[in-house]
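Everything below concerns the one structure shown next.
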Amino acid sequence: MQIRILGSAAGGGLPQWNCGCSNCVAVRNGSPHHQPRTQSSVAVSADSAAWFLLNASADVRQQIGSFRALGPPVDEMRGTSIAGCILTDAEIDHTSGLLQLREGNRFGVFSTAQVHGWLRRDFPIEPIVATFAERPWYEIEPDVSYDLPLPSGAPSNLRVRPFETGRDVPRYVTSASPDEAAGAVVGLRIEDRNTGGVLVYAPGVQALSERLIEAAGDARCMLIDGTFWSDDEPARSGFSTSTARQMGHLPVSGEGGTLGWLSRLPISHRVYVHINNTNPMLDESGLEWKQVSEAGVRVGADGDTLEI
Ligand code: MLT
Ligand code: MN
Ligand code: ZN
């Protein structure tokens with residue numbers, strides 16, 4: 001399986017349009033220790049020809065432009081190698097790219113029923129895009145495995161199994177009151193049926209749950225939520241009074257953070273994605289970046305490419 005990190009930042013990207021945090025300022029000033037980053041999305045392929053997007057970020061147009069394999073095939077008036085899009089949640093940063101991809105070419109969208117419902121009613125991407133392009137929507141439920149079909153119906157040789165990683169409801173959802181919902185946020189275990197390589201992609205992790213630990217069991221690559229360094233980062237940065245955990249993101253550092261767990265996992269590729277622009281580990285000259293690297297974990301960057 002080919003894995004390409006299209007965008008490694010959380011919502012807003014790096015730099016974020018209205019942000020004056022030290023990372024955003026450093027990128028604007030051309031710091032050699034900071035890389036600009038687009039919003040959260042990954043592409044995977046079993047044959048290097050047909051690609052599945054894992055989330056469709058608001059920056060998808062730029063991401064396709066910087067990865068030739070996702071561009072239109074030569075000698076075709078209109079075409080794409082995008083064979084489908086699998087969503088991990090219904091957040092704006094992970095879904096609004098579907099609006100950019102409305103110009104024709106049939107491909108399927110895969111999400112839980114919960115996410116599907118929100119994207120039909122509360123942020124009605126599905127009905128809007130359906131007036132422009134064929135986007136058959138397939139509901140995939142946690143803990144069930146699905147062989148991903150190509151748009152033609154032929155097998156892609158990729159098999160996906162979603163598993164629940166959080167129940168955080170998107171802020172725009174006003175139609176329902178519960179502040180938690182089953183199937184709201186999932187990780188994806190994706191297996192290449194030819195090579196046996198397993199990718200675990202989990203950009204929204206609320207807890208080190210049994211499901212996550214089990215999914216990590218036979219993974220060769222783990223792309224995991226690196227939104228915040230510490231629980232108080234949103235408050236300390238001054239953009240929210242909520243903690244990282246309250247926002248649905250287990251922090252990287254500290255007691256019960258993801259880094260301690262990841263550092264002990266016998267997985268060759270352990271990579272943080274969905275990194276918020278305020279996260280100090282984005283400064284490659286800083287102690288946090290060093291701490292992550294010394295734990296055998298990578299701070300993911302746009303354009304990172306892996307094969308498993
Ligand atoms: C998240 O990852 O928690 C959301 O994308 C936050 C947001 O709405 O930007
Ligand atoms: Mn997000
Ligand atoms: Zn910033």
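Numbering of ligands and ligand atoms starts at 1, following listing order.
Residue contacts to the Mn ion (ligand 2): H94 brings no N, O or S atom closer than 2.8 Å. Taking 2.8 Å as the threshold, D93 counts as a candidate ligand of the Mn ion (ligand 2), since one of its N, O or S atoms lies below it.
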Pairs under 3.5 angstrom, nitrogen or oxygen on both sides, ligand 1 versus protein: list them out, please.
| unit_1 | atom_1 | unit_2 | atom_2 | d |
| --- | --- | --- | --- | --- |
| ligand 1 | 2 (O) | H249 | NE2 | 3.0 |
| ligand 1 | 2 (O) | H274 | NE2 | 3.1 |
| ligand 1 | 3 (O) | H249 | NE2 | 2.8 |
| ligand 1 | 5 (O) | D93 | OD1 | 3.0 |
| ligand 1 | 5 (O) | D93 | OD2 | 3.2 |
| ligand 1 | 8 (O) | E91 | OE1 | 3.4 |

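For the pair D143 and R211, the salt-bridge criterion is met [side-chain N within less than 4.0 Å of a carboxylate O]. R189 and E191 are joined by a salt bridge, as a carboxylate oxygen and a charged side-chain nitrogen come within less than 4.0 angstrom of each other. A salt bridge links R159 with D147: the distance from a Lys NZ or Arg NE/NH1/NH2 to an Asp or Glu carboxylate oxygen falls below 4.0 Å.
Side chains of N29 and S31: no donor on one and acceptor on the other come within 3.5 Å. Side chain to side chain, T38 and Q62 fail the donor-acceptor criterion of an N or O pair below 3.5 Å. No side-chain N or O of H33 forms a donor-acceptor pair with one of D283 less than 3.5 Å apart.
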Could you walk me through whether D231 and R245 pass salt bridge (Lys or Arg N to Asp or Glu O under 4.0 Å), step by step? CA-CA 6 Å; D231 214 23; R245 283 179 171 85; 3.4 Å; yes
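Seen from the Zn ion (ligand 3), atom SG of C19 and atom SG of C24 lie 120° apart in angle, a value rounded to 10°.
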